[in-house]
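Structure record follows, encoded as C-alpha cells.
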Number of protein chains: 2
Amino acid sequence: MAEQGVVPFAQAAQTQGGEDAIGGSLADTAYRQLRRSVLSGQRPPGSPLSVSALARDMGLSRSPVREAVQRLIHDGLATHVPHRGAQVVELDRRELMEIYEVKEPLEALASRLATARFSQADVERLEAMLVEQDRAVAGPVLAEESTLMELDRAFHSYIHRAAGNRVLCDTLAAWSSRTNLAFPSGWANPEYARLSVAEHHDIARAITSGDADEAERVTARHVRLVRTRLARWQARQAQDRAAGGVA
Amino acid sequence: MAEQGVVPFAQAAQTQGGEDAIGGSLADTAYRQLRRSVLSGQRPPGSPLSVSALARDMGLSRSPVREAVQRLIHDGLATHVPHRGAQVVELDRRELMEIYEVKEPLEALASRLATARFSQADVERLEAMLVEQDRAVAGPVLAEESTLMELDRAFHSYIHRAAGNRVLCDTLAAWSSRTNLAFPSGWANPEYARLSVAEHHDIARAITSGDADEAERVTARHVRLVRTRLARWQARQAQDRAAGGVA
DNA sequence: GCAGCCGGGATTGCATGCAGTCACCGACGC
DNA sequence: GCGTCGGTGACTGCATGCAATCCCGGCTGC
C-alpha cells in the first residue's frame, strides 16, 4: 500500500489557486487574485466587490472580472446583494457551525482513507510538517498568524490529498477556505495554536501507525475541538466588542 | 424537538431549481432550463454545450448563456474541453464511487441530525412518501423511472432539509444530481428499486422512533448498498455493451 | 492508396455599448 | 426639526463586435 510519496492530483486550480502565476485566461487570473486578496484578509468580510471598480483597478474589462466575481460567489466567498453589487461574505456563527458540523465526518473519512494509502515518503513528509509546526508554536512568542494558518492548511490538505478521493479533497478545500475566512486572528491565541498542533500529532501518529479507526476518531475529535474553540473565541470577540462599544 | 412540520430553507434556487418559472435574470432562466434538460437525460452525457448554438436556440444573446454554462461546469454537470466548447459531463466509475464514498458519512449525519429535529408533521409526511414509494414498486410492473427517481430524490431531500444544516443540504443536493445523472436506467431494475424502498423504510423507522444512532447506521448502510448495486449495474452494462459491440 | 498540408468554419474569450434599476443624498415643504 | 420627494450617480445585466485559436475536412503530392 504505497505507490509514490506525493499524491498527484491536478492540484485543482479552482480550489487551491496555485499562485498568481500565468493563468490560462484573464478571468482565471482575476479570480485567483481576488480569491487571494479575500482569503488573505486584504479585503475583509463586507468589502464591496464592484465589477466596474475592480476592472478599473486591475486594468482589464468587466467581462473577465464579472466572471471571477461570480466564481467567488459560487464558492461561497462572496454574496450578491441585489442592487448593491457583490461583497465579501460575512459568515454568521450559524453558518460557521454548520460547516464544522459537516467537516467533522468528512475530515474523519479523509484520515481513514489516507491511513490505508500512506507511503513511507508520506510519513516522512508529514513528520517534517509537524516539526515545522512545533517550531512555530515553540517559543514564548508564536510565528505570524498567516504562517500558522498556512501550516495548518498544508497539514490538513496533505491528508486530504493522500485520501485519494478528489471529490472529498475539493469539498474540504472549499469549506476550509470559508472557515479560514472567518477565523482571522484565532491563531493569535497561543493556547489554541498549541492545542491544535498537539492534536495534529495525535492524528499523524494514528495515520502513520496504520490505525485507521483511531485516525478517524482523533480527527473527528480535532474538528470538534476546533469548533468549540472557535465558538468560544467568537463569543469572547463579541463580548469585547460590546465592552469596547461602550467606551 | 419540533417547531414546525416543514423545514423552510430558501429552497436553494441554485441547487434545487424551483421549476422554470420566472427567474430573476435571463442567466438564471437559461441555467435552470439547461440544468433541467441535462438532469432529465434530454441532453445525455457527452452532448455538446455550445454557447453560440444554445443562444440561438434559446433566442437570447451569448452572455447569459455563457454564464449558465459556466455554472453547470462549476456544479460538475458539464466539463470544458479547451477548444471544443463545453459538454455534458461523462462521469467515470472512479468519480462516481468517490461521490458515494463521501456521501455515505454525510447522509448518515443528515439522518442523525434529522432524527433530533423531526416533528410529528414530518413523521406523517415521511410516511406518506413511503406509501407512495410502496405503490410505485408494488405491482408486477414498476412506475416510470423518472417517477422512481423523483420519489427517491424527494425522500432523501426531505431528510436533508430536516437536518437543519444548509451547507449539508446543498452539498448533498449537488452530489445527488451528479449521481442521478450517471444512473439513468438503474431504477428500471425492479429488484434494485424494491431493495431501495425497503431500506428507506428502515431509515424512516429509525428516524421516527428517535433512534439517532440507528438512523445513522442504516443510512450509511443504504448508501453503501446503493453504491454496490450501482457498481454491479455498471459492470453489467459494460458487459452488455461489449457483447453487443461484437454483434 | 496514403501521408501531409492548408483553408474554412466555428468557438471561445475579451472589450465595449446601452438601457433599466436602484441606492444614496441633498433640497424642499410642512 | 423632521419627513418626503426628486435628481444624480453608479451598478448590473444583456447584447454585440472583434481577434485569436483550434478542429476538421478536403485537397495535393508522392
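Proteins get letters first, then strands, A, B, ... in listed order; numbering begins at 1 in each. In what follows, every heavy atom counts, from backbone to side chain, and hydrogens, waters and symmetry copies are set aside.
- Here the C1' atom of nucleotide C:dA10 and the CZ atom of B:Arg84 are 12 Å apart, to the nearest Å.
- With hydrogens and angles left out, the side-chain atoms of A:Asp170 and A:His160 include no donor and acceptor closer than 3.5 Å.
- Counting only heavy atoms from C-beta outward, the side chains of A:Val88 and A:Pro44 never approach each other to under 4.5 Å.
- The base of C:dA15 sits within donor-acceptor range of the side chain of A:Ser63, with an N or O pair under 3.5 Å.
- Out of C:dC14, C:dT16, C:dG13, the shortest distance to the side chain of B:His80 is found at C:dG13.
- Rounding to whole angstrom units, CD1 of residue A:Ile73 and C1' of D:dC11 are separated by 13 Å.
- If you check C:dT16, D:dT12, D:dC14 against the side chain of A:Ser61, the one that comes closest is C:dT16.
- Between the CG atom of B:Asp28 and the C1' atom of D:dT12 there is a distance of 13 Å, given to the nearest Å.
- Side-chain atoms of B:His80 and B:Gln70 include no donor-acceptor pair closer than 3.5 Å.
- Remark: P of D:dC11 and CG of A:Leu54 are 10 Å apart, rounded to the nearest angstrom.
- Of the candidate nucleotides C:dC14, C:dG17, D:dC11, C:dG17 has the atom nearest to the side chain of A:Arg62.
- Distance B:Leu60 CG to D:dC14 P: 9 Å, rounded to the nearest Å.
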